[in-house]
Participant: 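Dropping the structure in here first, questions after.
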There are 2 protein chains.
Amino acid sequence: MASDRVTMEDVAARAGVSRALVSIVFRGVAGASDATRERVLAAARELDYRPDTRASRLGRSRTRMIGVTFSVGAAFHGDLLQSLYTHADAAGYEVVLSGVTPERSESAAVETLLAERCEAIVALGSTLGAGELGRLAAQLPVVSVLRAVSGGVDVVRTDDAAGLQLAVAHLVELGHERIALLDGGRAAGAAERRRGYRAGLRRAGGLPEHVYPGGLTELEGASSATEFLALERDRPTAVTAFNDRCALGFIDVVRQAGLRVPHDVSVVGFDDISQAAYPHVGLTTVRQDAEQLGTAAIRTVDARLSGAAPGPATVIDPELVVRTSTAPLLSGG
Amino acid sequence: MASDRVTMEDVAARAGVSRALVSIVFRGVAGASDATRERVLAAARELDYRPDTRASRLGRSRTRMIGVTFSVGAAFHGDLLQSLYTHADAAGYEVVLSGVTPERSESAAVETLLAERCEAIVALGSTLGAGELGRLAAQLPVVSVLRAVSGGVDVVRTDDAAGLQLAVAHLVELGHERIALLDGGRAAGAAERRRGYRAGLRRAGGLPEHVYPGGLTELEGASSATEFLALERDRPTAVTAFNDRCALGFIDVVRQAGLRVPHDVSVVGFDDISQAAYPHVGLTTVRQDAEQLGTAAIRTVDARLSGAAPGPATVIDPELVVRTSTAPLLSGG
DNA sequence: CTGCGCTGCTAGAGCGCTCTAGTGCTCCTA
DNA sequence: TAGGAGCACTAGAGCGCTCTAGCAGCGCAG
C-alpha cells in the first residue's frame, strides 16, 4: 500500500546513476549502454518502480495523448475503440477515453479531454453541432469518426451512400421492386444513407420510395415493423435498415407475425456487428470496417499533428456481406 | 490552436492577483473574497483559461482518481459506467477509464491505471485470478464489481444465487417441473448462479437438473437451443439463462424452429438489459441494478480511502421482472 | 494602546518527471 | 601529440499546478 512512493530518484540511487539516466532508459531513447540499461531496469524491478505518467506528461513538451469520446454502450464504438487502442499505441500515442452517457454530455466529455491537454480529439459518432465542432477544431485537430461534418474538422467515415446503394442494388438484382428504408433520422450517417437509398432506387429505373422512421435500436426497428405489417396491400418485399440493430428488431417482429425472412421479406442491415454473423441470425448487411476506420483516424491525427493541412474526408468503402436474410423475390410476390 | 499556452500565471496577471489566489478560486476553497473570485473567473473567461489537470494532479497530495477497467462493448458495463461517473463526481472523485479488448489485456489496462497513480481501482467483471487481484489489492483498494473474489478485495455484486432462485421459484410457481439452465461457464457470477439454480430445484422438492453449456452471448444461447431442440422426449418446459443475451439467442432459435415462447417453453434471462424491456421482446428476467451497484462501488472506494477496513461484500438484491416470456405450464406439457 | 483573531492575500518550495546543455573519456586521424 | 568525433553520463532548469507559512490590515476586547 506504500510502494507507490518509489520515484525515479530511488531507482537512480539504487542503480548508482543519475536520475536523468533512469529517464533515458525508461523512455527507451539512445544514450545509455546496454549494461547500464540492464542495471537500471533491475533496480526498478527490485523496487517495483513504475514511472508516474502524470509527471512524465507534465514534463514532456508533447503529451502525445489522443482524447477519444465514445458512446458508452454502443457496440460499434467498442469495435472502434479496440482498433484505436492498437494503432495509437503503434504510432506512439496514448489513448485517453471520455465516455458519453445520457447524464454526461459530449461537451462535458470533450471538456475533460481538453483539460488533460490532449493533442487531438477523436469523436466517435459525434452529435455536436457543426458550430461547436468548428470552434473545437480551431483549438486542436479534431477527427469526426462515422459522422460527416464540414468546417475544419477531419472526417473518417464509411461511404454511407455507397453502402445503401450496394444494399439496394443487391435487392434489385434479387428481383425486388418495392424496397423500403428504415431511416436513421438525425443519427450519424443517416442523411447520407438516405441519399444512397434514393440514388439506388433511381438507378434501378425509378423504383418507388418507402421510408419508415426507423432509428438506432431494435425498438425502433420493431415499431417500423408494426407499421409495415399494418399495410394491407403493396407491402414492400424488401427492407434495408439504418443499422443492424434496427434490422434485427424489424425481423423479430415480422417473424412473430408469421412472415418468413427472407421468404416473405428480405432484410439488409448496416454495420455488421458481431451478432449479424451468428449462424442463427445470418443478417445480410453492409459492413463498416472498424479496423480500417480506426487506422485511418489515427493516421489522420498523426498527419495533422505533424503539420499536414486538413485533407479531404477519408471515406472507407463499405462491403456488402450477403447472408441468409435476403433471397430472390418469389413470383407473384 | 495556441490558446492552450494560457496558464494560471496569465490569469493571475490579468486579474491583478497572485497565482495562489487563482488556484484558490479554481479549487473552490475558502480564502478569497467574492469580489476577487468574480474578477478571477472573469479574467479566466476572457483568456479561455482551463486548469491543466496534469499539473493539478501532480501538485496535489491526493489525486482523487478512481481507475475503472471495463470490457469494451459489454452492454451492462456501459450501464455501470454511467452510474460510476455520476456518483464519483458527486463524491469528488474523477473517473479514469481503461478499456479491455481482446488485444488489450486486463493486466495492461490495470497497469496504465497504476501508472496514472489512481487511488483505487474498480474492476468491472474482472477475469483476473484471485492471486493477481490479491497482489493488486496489497497496493491499493480494489473493488471487484459483478465478480465475487476472496482475499483483501472488496466486492460489490448482485446476489446471483438469490437471483436464480427467484427465477426457478417463478417457473415452479407456473407449474414447470423440467427447468433447464443455460450456464455461464467461468464468467463472473456464473458459479453463484449455478448454485442458485440447484438450490432452487432442491427447494421445489428436488426437481431434476438440466444444464446446457450456455455462455455470454446470443451465439451460445443459440447453440444451446439447437441442443435443446434435438431432445426427442422429456424436453424441459422452461429455461433460465446465464444472461439476457444468451436467453435472447435461445428464444430466437426455438422460435425459428416453430416453438412458441412462452406457450411451448418459458424463458427467463438475467441482467435486464434495455433490450429485454422492449415490447416486442418482453423478456422475463432477473434485474441487476446498475445504479445501485455503481453507488455501492463508489461508496466502498470512498470508505476504504478514508481508512475503513475492507468490509464484507456488498450484495445487492436482484429483482424478478416478469414480462411475457414466461407463462403457466399447459396441462400435458 | 497593546494584543489577538480573522480575513484576504502572497511567496516559494515542492510534485516527479523531461530535456537541453554540458562534462569527461576513449578512440581516431593527421 | 594535438584535435576532433562520439559515446556514456550528469546537472539543473523547467512543466503548471498545490499548499504550507506567513504577512498586512482591520476590528475589537482588555
Participant: Rounding to an integer number of Å, can you tell me how far L58(B) CG sits from dA13(C) P?
Facilitator: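 To the nearest whole Å, that distance equals 18 Å.
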Participant: When you measure from the side chain of S83(B) to the backbone N and O of D79(B), does any donor-acceptor pair fall under 3.5 Å?
Facilitator: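 Such a contact is absent between S83(B) side chain and D79(B) backbone.
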Participant: Can any side-chain N or O of T314(B) pair as donor or acceptor with the backbone N or O of V156(B) at less than 3.5 Å?
Facilitator: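 No; zero donor-acceptor contacts below 3.5 Å.
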Participant: I want to verify a distance call: between dC17(D), dC9(D), dC17(C), whose nearest atom is closest to the M8(A) side chain?
Facilitator: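 Looking only at heavy atoms from C-beta outward on M8(A), the closest nucleotide is dC17(C).
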Participant: Please tell me if R5(A) has a side-chain N or O lying less than 4.0 Å from either OP1 or OP2 of dG16(C).
Facilitator: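 R5(A) to dG16(C) OP1/OP2: side-chain N or O found under 4.0 Å.
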Participant: Do E38(B) and R45(B) meet the salt-bridge criterion of a basic N to acidic O distance under 4.0 Å?
Facilitator: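 Here R45(B) pairs with E38(B) in a salt bridge, since their nearest N and O are under 4.0 Å apart.
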Participant: Any salt bridge between E111(B) and R104(B), counting N to O under 4.0 Å?
Facilitator: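 Looking at R104(B) together with E111(B), the answer is no, because their closest N to O distance does not fall below 4.0 Å.
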Participant: Given atom CZ of R54(B) and atom P of dT18(D), what is their separation to the nearest angstrom?
Facilitator: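 Atom-to-atom, R54(B) to dT18(D), this comes out as 13 Å.
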Participant: Run the side chain to side chain contact (heavy atoms under 4.5 Å, CB included) test on L97(A) and Y85(A) for me, step by step, so that the C-alpha distance in whole Å, both residues' side-chain angles and the decisive distance to 0.1 Å come before the verdict.
Facilitator: CA-CA 10 Å; L97(A) 298 183; Y85(A) 263 125; 3.3 Å; yes
Participant: When the distance from CZ of F26(A) to C1' of dG16(C) is rounded to whole Å, what number comes out?
Facilitator: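 From F26(A) CZ to dG16(C) C1': 13 Å.
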Participant: Could you give the CG-to-C1' distance, from L21(B) to dA24(D), as a whole number of Å?
Facilitator: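 Distance, rounded to whole Å: 14 Å.
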Participant: Using atom CZ of R117(A) as one end and atom P of dC17(D) as the other, report the distance to the nearest whole Å.
Facilitator: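 Atom-to-atom, R117(A) to dC17(D), this comes out as 7 Å.
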Participant: Separation of D52(A) atom CG from dC17(C) atom C1', in whole Å?
Facilitator: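 It is 7 Å, rounded to the nearest whole Å.
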Participant: To the nearest 10°, give me the bend of the helix from dC1(C)-dG30(D) to dA30(C)-dT1(D), comparing the axes of its five terminal pairs at either end.
Facilitator: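 The end axes of the helix from dC1(C)-dG30(D) to dA30(C)-dT1(D) are about 60° apart, to the nearest 10°.
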Participant: Where do N or O atoms of nucleotides 19-25 of chain C meet protein N or O atoms at under 3.5 Å, pair by pair?
Facilitator:
unit_1  : atom_1 : unit_2 : atom_2 : d
dC19(C) : OP2    : R27(A) : NH1    : 2.8

Participant: Tell me, with the steps shown, if H87(B) and R299(B) meet side chain to side chain contact (heavy atoms under 4.5 Å, CB included).
Facilitator: CA-CA 9 Å; H87(B) 295 102; R299(B) 204 189 316 116; over 6 Å; no
Participant: Which comes earlier along DNA chain C counting from the 5' end, the contact point of S56(A) or that of R37(B), where each point is its nearest nucleotide?
Facilitator: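 It is R37(B), whose closest nucleotide lies nearer the 5' terminus.
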Participant: Between E116(A) and R57(B), does any NZ, NE, NH1 or NH2 come within less than 4.0 Å of an OD or OE carboxylate oxygen?
Facilitator: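 Yes.
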Participant: To the side chain of T7(A), which of dA11(D), dC9(C), dG16(C) is closest?
Facilitator: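 Closest nucleotide among those given: dG16(C).
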Participant: Whole angstroms only, please: what is the CG-P distance between D10(A) and dC17(C)?
Facilitator: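 So the two atoms are 9 Å apart, to the nearest Å.
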Participant: Keeping the roles fixed (side chain from E106(A), backbone from T69(A)), state whether a donor-acceptor pair exists under 3.5 Å.
Facilitator: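 Not confirmed, E106(A) side chain does not pair with T69(A) backbone.
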Participant: dG14(D) C1' sits how many Å from E9(B) CD, rounded?
Facilitator: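 E9(B) atom CD is separated from dG14(D) atom C1' by 13 Å.
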Participant: Counting the atoms with a prime plus P, OP1 and OP2 as sugar-phosphate, which does T53(B) contact under 4.0 Å by heavy atoms, base, sugar-phosphate, or nothing?
Facilitator: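 The answer is nothing, as T53(B) stays clear of every strand by at least 4.0 Å.
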Participant: Using modelled atom types and a 3.5 Å cut-off, is there a donor and acceptor pairing between side-chain atoms of R50(B) and backbone atoms of A115(A)?
Facilitator: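 No.
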